[in-house]
Every structure is written in C-alpha cells, then in structure tokens.
Amino acid sequence: MSKFQIGRATLLVPDHGGRELQVSDFAGETHTAWEMPAVVVAPDGLLMEIAYQRWDDAGAVIALSRGDSPPAYDRLLHGERMSVLKRQDGAEHVVADLLRWDSTHGPHGWGSCKKATPSDLDQCLESSAEALFIEAGAIDFGTRAKVLGDTSNAYKNRLAVVFSGYEPLGPLAVYVLTRVLPIVKARLAP
C-alpha cells in the first residue's frame, strides 16, 4: 500500500491489484474498464473510497463511497468526477480544474470545478502543486496549450497534468488535490 500525503489529506493506493468491470462514460456508453480503488482520509472524519477507471481511449477518477464521512463529501458522489484522456503517444492527461467550495451553500456546502491557476493549486495545497504532481509521476504540467498543443479559446489556458498511461497514482493525486482537499480545508478552517 502506497501512502501519499496531499496537504491535510492522505491518499492510500494499493501497490498492485485492481479489477475489471463495466463502467459508463460521460456520454452514457458502457466500456470494459480496469479500476484501481483507493482510499482518502483526512482529520475532519473523511474516509472515502475513490477509483481510477481506465478503458481503451479514456477514463475517469470518481468517488465510489463516502462511508461514514461528513455529508459535505456527498457533492463528490453527485458529480465532479475527473476525466482521464489518452494521448496519441500512450500517455494520458487530466485537466486540473479546482473545486470552488462554498460551505454556506445548502446545509452541508456545495461547489463546482472552475479553471485554476498554478498559484490557486499551490494555495490549496499550501505547497507546490507542480512538485506534488512530479512526485506522483507527472511527466509534464502546464496549460493545455503548452503540454497538449491545444489552440481552442475555451480550453487552451486550462491546466493539464500528463502521466504515463495506466498509472493510477498521478490522476488519483490530482483528484484529491482538486476535488477533495478544498472540502477538507473548508471544514477544518477556524
């Protein structure tokens, strides 16, 4: 079991294993995927199961269960999964949009992911996000224009992290930083 510290959250990923199963992608199509489950814990009572799912040309990181974790984490069960996209060279990339959490919205808080800057990610982590990504196996980090050659007006300035294909630690770490940690920080704030 690998233990990976991401701010005040800890990601636990099995060193080997995984399982094959049928999953639905964002368009509702069914795929045979390889899944690597992981666990995230934090001092606010979080104990959540997440998973890296990968099929032929894409994948996702999703929340599977929040167990007895605080109800604020329900948000991650109702959306905000993170796409994993295959590149032509066999590597894969994820977009590092950051969950903007509003703890005053609704009874337990609510948020959605928005475009982030490197300093937004660093501030959330309270450390260098780029260093964290490299430690998790990133082979490139920057804007989609820089790392993917994206020229679209809508996406070229969004941050992307590139990893070797079928390596779950990196995408799982990005998910914890960009989806889980904002909720942990809001719940632990004085």
| Taking the six-membered ring for Trp, are W34 and Y52 parallel (under 30°), tilted (30 to 60°) or perpendicular (over 60°)? |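 Rings of W34 and Y52: perpendicular, as their planes differ by over 60°.
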
Which residue, R158, K114, R100, forms the salt bridge (Lys or Arg N to Asp or Glu O under 4.0 Å) with D120?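 Of R158, K114, R100, salt bridge (Lys or Arg N to Asp or Glu O under 4.0 Å) with D120 is met by R100 alone.
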
Problem - Sole candidate of R81, E35, M36 that passes side chain to side chain contact (heavy atoms under 4.5 Å, CB included) when paired with Q53 - result: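 That would be E35.
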
- Task: Return yes if some donor-acceptor pair links the side-chain N/O of R75 with the main-chain N/O of R179 below 3.5 Å, else return no.
- Result: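 Not at all, since once roles are kept as given, no pair shorter than 3.5 Å links the two residues.
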
Considering residues, nucleotides and ligands other than [X], do more than 12 of their heavy atoms fall under 6.0 Å from its [atom1]?
{"X": "F4", "atom1": "CZ", "answer": "yes"}
{"X": "Q5", "atom1": "CD", "answer": "yes"}
{"X": "D68", "atom1": "CG", "answer": "no"}

request  = Treating Ile, Leu, Val, Met, Phe, Trp and Tyr as nodes and any side-chain heavy-atom pair under 4.5 angstrom as an edge, say whether V40 and L77 lie in one connected cluster.
outcome  =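 Shared cluster, no.
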
Which atoms form the tightest heavy-atom contact between [X] and [Y], and what is the distance?
{"X": "L181", "Y": "C124", "result": "CD2-O, 3.5 Å"}
{"X": "P14", "Y": "M1", "result": "N-SD, 3.8 Å"}
{"X": "A72", "Y": "R187", "result": "CB-CD, 4.0 Å"}

Indicate whether the side chain of [X] and that of [Y] have a donor and an acceptor atom separated by less than 3.5 Å.
{"X": "T32", "Y": "E20", "value": "no"}
{"X": "N157", "Y": "T143", "value": "no"}
{"X": "H31", "Y": "D56", "value": "no"}

Practice prompt. Using salt bridge (charged side-chain N to carboxylate O under 4.0 Å, His left out) as the criterion, list what pairs up with R54, not counting sequence neighbours.
Written response: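 With sequence neighbours excluded, R54 shows a salt bridge (charged side-chain N to carboxylate O under 4.0 Å, His left out) to E92, given in chain and number order.
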
Look up atom [atom1] in [X] and atom [atom2] in [Y], then write down how far apart they are to the nearest 0.5 Å.
{"X": "I62", "Y": "L76", "atom1": "CD1", "atom2": "CG", "value": "11.5 Å"}
{"X": "L121", "Y": "D97", "atom1": "CG", "atom2": "CG", "value": "9.0 Å"}
{"X": "L99", "Y": "Y175", "atom1": "CG", "atom2": "OH", "value": "9.0 Å"}
{"X": "D122", "Y": "L132", "atom1": "CG", "atom2": "CG", "value": "10.0 Å"}
{"X": "L47", "Y": "S65", "atom1": "CG", "atom2": "OG", "value": "8.0 Å"}

V176 and L11: side-chain contact (heavy atoms from CB on, under 4.5 Å), yes or no, with the steps?
-> CA-CA 8 Å; V176 172; L11 173 63; 4.1 Å; yes

Salt bridge D140-K146, side-chain N to carboxylate O under 4.0 Å
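Salt bridge flag = yes for K146 with D140.
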
In chain order, what residues pass the ring pair (Phe, Tyr, Trp, His ring centres under 6.0 Å) check against F141, with sequence neighbours excluded?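 Here the qualifying residues are F133.
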
Please test R66 against E49 for salt bridge (charged side-chain N to carboxylate O under 4.0 Å, His left out), starting from the C-alpha separation and ending with a verdict.
-> CA-CA 6 Å; R66 73 169 179 86; E49 187 179 18; over 6 Å; no

Could you walk me through whether D15 and S2 pass the side chain to side chain donor-acceptor pair (under 3.5 Å) test, one step at a time? CA-CA 6 Å; D15 291 329; S2 295; 2.6 Å; yes

